[in-house]
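See structure below.
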Amino acid sequence: MTHPEERARRLPFAFTRLDPSVRRDAVYLEATDTAQSFGILYRPADRDPKTVVYLMHPRAEFTRHYVVPPFTARGYAVFGQNSRYINNDTDMVHERLLLDIAAGLRYLKEAGFERIVLLGNSGGGSLLGFYQSQASRAPAKRLAMTPGGEPIDLTQEVMPEGDLYIAVAAHLGEGRFMLNVIDPSVLDENDPTAVDHEWDMYNPANGYRPFPQPSHYDRQWLAEYRKRQVARSHRLDKIAREHIAEHAYFRNQLRDPGHAALPEAARGMVARRARLWKYMVIYRTLANPAYLDPTIDPSNRPVGSIFSPADPIIGNYGPGGLARTMTPRGWLSTWSGTSSQAELPDTIRHVTVPTLIVFADGDCDIFPAEQEELLEKSGAEDKLLRTLPWADHYLYPVGEEGKKLADPRERLIEMIIPWIEERLGSR
């Protein structure tokens, strides 16, 4: 069992202790577009496994993931790779992340690993589902363009496939997540205090109660609220595409042979506009009524969100916040629920390898109906949804019931290793 003091000290996705005999190799990788990424390969001291567990998150540090100690103790290798966008998604283009993963998996194949288990935790679930859905296609049928209109030629990319796919506490993709949390009461994208009170979930007239009291929202109101969230996403998409089109126009002007004949001031203006990258500031992105109304898609979760220290209204209005500053191409590819190509309910249809979905039912930010949707839409014949009771998003215990059970991370390992062994046999 994990000691309670150790549990309190550890970082959300990180282990705190590892058997010193475990071998650790630092691996520096270059993608086919020359972008750099980094990983650590962990192997048991006394064997060279043929099966490796692969981890990546779009932006989080996964080289010290909490599954490393238990997997290596059971004789598996683990490769935790950090992406090119570590700790910064301002200009994240999800399609380029696939090049990082491909570089990592090519390295593992060249290192002699015969079987690769894709373990997608949190945002890694949708990312690895996106990768596998492209890797499993004939090259000519892979993506050739990002949502922002940039070429991304996956037809020429060597993309080793995973042999198994596991999603642990996985949301449906940053875009689908954003559709749940974006505040539809925003009246003006340039004024974060402009509020349409009729559609403000933090308005007591709509059912809000001071945290930590549970709120209650009328279901008819909620249905319209969800539609308005989608409408705001479309408005932001329009802004992003206008910025991209403006940038392209002035770049073309700069290349035009007639540019040299323009007056000096006009030439300077065109040159500046051609080089300028505009950023989008996206306010109020923590407004999911399910955070405060536990009767919406009920589970064992407490009220609140992992993205706010207390009442989610702090995260909605406070500094930082999800997708607060984005390039137009980053918004469209990553956080737009109406444009991103990385949404797991879409990509998982093309993931046909054996699939295990693990739902932590005390998770504030991921909900039962979403996990059922993934199971239903999965393209795998061999697929299973398992529930990890009384565990939160980071697999910490939830409430008094959670404290009575074994550490959720230990319960996770006891759940997934037998599933892997049934399908892949020896390590």
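Residues: numbered from 1 along the sequence shown.
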*Is Glu373 salt-bridged to Arg176, cutoff N-O under 4.0 Å?*
yes
_I want to check something: taking the side chain as every heavy atom from C-beta on, are Met280 and His243 in contact at a cut-off of under 4.5 Å?_
yes
*asked:* Do Asp293 and Ser215 pair up side chain to side chain, a donor and an acceptor below 3.5 Å, judged on atom types alone?
replied: no
_Closest contact, heavy atoms only, Val353 versus Gly162_ = CG1-O, 3.5 Å
_Beyond-backbone contact of Leu105 with Tyr131, side-chain heavy atoms, under 4.5 angstrom_ = yes
*Does the side chain of His216 reach to within under 4.5 Å of the side chain of Arg209, using non-hydrogen atoms?*
no
*Check: Trp419 side chain, Leu384 main-chain N or O, donor-acceptor pair, under 3.5 Å*: no
_Exactly one of Thr338, Leu179, Asp183 should register a side-chain contact (heavy atoms from CB on, under 4.5 Å) with Arg232. Which one does?_
Asp183
_Ignoring hydrogens, what is the shortest heavy-atom contact between Ile101 and Met56? Give both atom names and the distance._
CG1-SD, 3.6 Å
_Check ion pair Glu174-Arg59 (N to O, under 4.0 angstrom)_ = yes
_Distance-minimising heavy-atom pair for Thr285 and Gly321_ = OG1-C, 4.2 Å
_If we ignore hydrogens and angles and just use 3.5 Å, is the side chain of Asp363 paired with the main-chain N or O of Asp392 as donor and acceptor?_
no
*With distance as the sole criterion, is a donor-acceptor pair present between the side chains of Glu95 and Ser333 under 3.5 Å?*
yes
*If we ignore angles and hydrogens, is there a donor and acceptor under 3.5 Å between the side chains of Asp361 and Thr387?*
no
*Looking at Arg409 and Asp407, what are the two nearest heavy atoms and their distance?*
N-OD1, 2.7 Å
*Taking everything shown except Gln220 itself, do over 12 heavy atoms lie less than 6.0 Å from its CD?*
no
_Thr63 versus Glu61, side-chain donor and acceptor atoms under 3.5 Å_ = yes
*Quick check: does any side chain N or O of Arg329 sit under 3.5 Å from a backbone N or O of Val93, one acting as donor and the other as acceptor?*
no
*Mind checking whether Asp19 and Ser21 have side chains closer than 4.5 Å, heavy atoms only?*
yes
_Sequence-distant partners of Glu370, side chain to side chain donor-acceptor pair (under 3.5 Å), two or more places apart_ = Asn180
*Within the side chain of Asp311, is there an N or O that forms a donor-acceptor pair under 3.5 Å with the backbone of Ile314?*
no
*Output the distance between atom CZ (Arg74) and atom OG1 (Thr51), rounded to the nearest 0.5 Å.*
14.5 Å
*Straight-line distance of Leu164 CG to Leu356 CG, nearest 0.5 Å*: 9.5 Å
_Run Leu375 and Gln371 through side chain to side chain contact (heavy atoms under 4.5 Å, CB included) and show every step you take._
CA-CA 6 Å; Leu375 182 69; Gln371 306 299 287; over 6 Å; no
*Report yes or no: do Glu157 and Thr32 form a side-chain donor-acceptor pair below 3.5 Å?*
yes
_For residues 342-385, which residue pairs pass the ring-ring contact (aromatic ring centres under 6.0 Å, His included) check, not counting sequence neighbours?_
none
*Is a side-chain donor or acceptor of Arg386 paired with a backbone partner of Ile357 at a separation under 3.5 angstrom?*
no
*About how many Å separate CZ of Phe79 and CG of Leu41, when rounded to the nearest 0.5 Å?*
6.5 Å
*Does some side-chain heavy atom of Asp382 sit less than 4.5 Å from a side-chain heavy atom of Thr355?*
no
*Taking the side chain as C-beta and beyond, is there a heavy-atom pair between Met159 and Pro139 under 4.5 Å?*
no
_Nearest 0.5 Å, please: how far is CZ in Arg23 from CD1 in Ile40?_
15.0 Å
*Is there side-chain contact between Pro70 and Glu410, with heavy atoms separated by less than 4.5 Å?*
no
*Just say parallel, tilted or perpendicular for the rings of His57 and Phe13, cut-offs at 30° and 60°.*
tilted
*Examine the side chains of Arg301 and Ser299 and answer whether a donor and an acceptor come within less than 3.5 Å of each other.*
yes
*Residue list, side chain to side chain donor-acceptor pair (under 3.5 Å) with Glu400, at least two apart or on another chain*: Lys403
*Would you please classify the geometry between the Phe38 ring and the Tyr28 ring as parallel, tilted or perpendicular, with 30° and 60° separating the classes?*
tilted
*Indicate yes or no for a side-chain donor-acceptor contact from Thr72 to the backbone of Pro69 under 3.5 Å, with no hydrogens or angles considered.*
yes
*ring pair (Phe, Tyr, Trp, His ring centres under 6.0 Å) between Tyr283 and Tyr317, intermediate numbers included*: CA-CA 7 Å; Tyr283 294 102; Tyr317 283 90; 9.5 Å; no
_So which atom in Leu143 and which in Gln134 form the shortest heavy-atom distance, rounded to 0.1 Å?_
N-OE1, 2.9 Å
*Between the side chains of Ser83 and Asp100, is a donor N or O closer than 3.5 angstrom to an acceptor N or O?*
no
*Please determine, by modelled atom types, if Arg349 and Ser133 share a side-chain donor-acceptor pair under 3.5 angstrom.*
no
*Measure the spacing between CZ of Arg324 and CG of Leu322 and express it to the nearest 0.5 Å.*
8.0 Å
*Taking the side chain as every heavy atom from C-beta outward, state whether Tyr202 and His197 have any pair of such atoms under 4.5 Å apart.*
no
*Sole candidate of Tyr54, Tyr42, Phe113, Phe71 that passes ring pair (Phe, Tyr, Trp, His ring centres under 6.0 Å) when paired with Tyr76*: Phe71
*Does the side chain of Thr334 come under 3.5 Å of the side chain of His94 through a donor N or O and an acceptor N or O?*
yes
*Can you name the closest pair of heavy atoms from Gly129 and Leu344 and give their distance?*
CA-CD1, 4.0 Å
*Give a yes or no on whether the backbone of Leu332 and the side-chain of Ser339 come within a donor-acceptor separation of less than 3.5 Å.*
no
*Phe15 ring center within less than 6.0 Å of Tyr66 ring center*: no
*Report yes or no: does Lys383 contribute a side-chain atom to a donor-acceptor pair with the main-chain N or O of Ser378 at less than 3.5 Å?*
yes
*Is Arg228 salt-bridged to Glu224, going by a charged N under 4.0 Å from an acidic O?*
yes
*Applying side chain to side chain donor-acceptor pair (under 3.5 Å), run through Asp196 and Ser185 and close with a yes or a no.*
CA-CA 5 Å; Asp196 182 342; Ser185 70; over 6 Å; no
*Using atom types as modelled and distance alone, determine if a side-chain donor or acceptor of Asn203 lies under 3.5 Å from a backbone N or O of Asn206.*
no
*Judged by modelled atom types alone, do Asn121 and His65 share a side-chain donor-acceptor pair under 3.5 Å?*
yes
*asked:* Counting only heavy atoms from other residues, nucleotides and ligands, does the tally under 6.0 Å from NZ of Lys141 exceed 12?
replied: no
_Pair Arg84 + Asp91: basic N to acidic O under 4.0 Å_ = no
_Side chain Gln36, main chain Thr34, donor-acceptor under 3.5 Å_ = yes
*Is the shortest side-chain N to carboxylate O distance from Arg43 to Asp48 below 4.0 Å?*
yes
*Over 60° means perpendicular and under 30° means parallel, so classify the ring planes of Phe307 and Phe177, tilted if in between.*
perpendicular
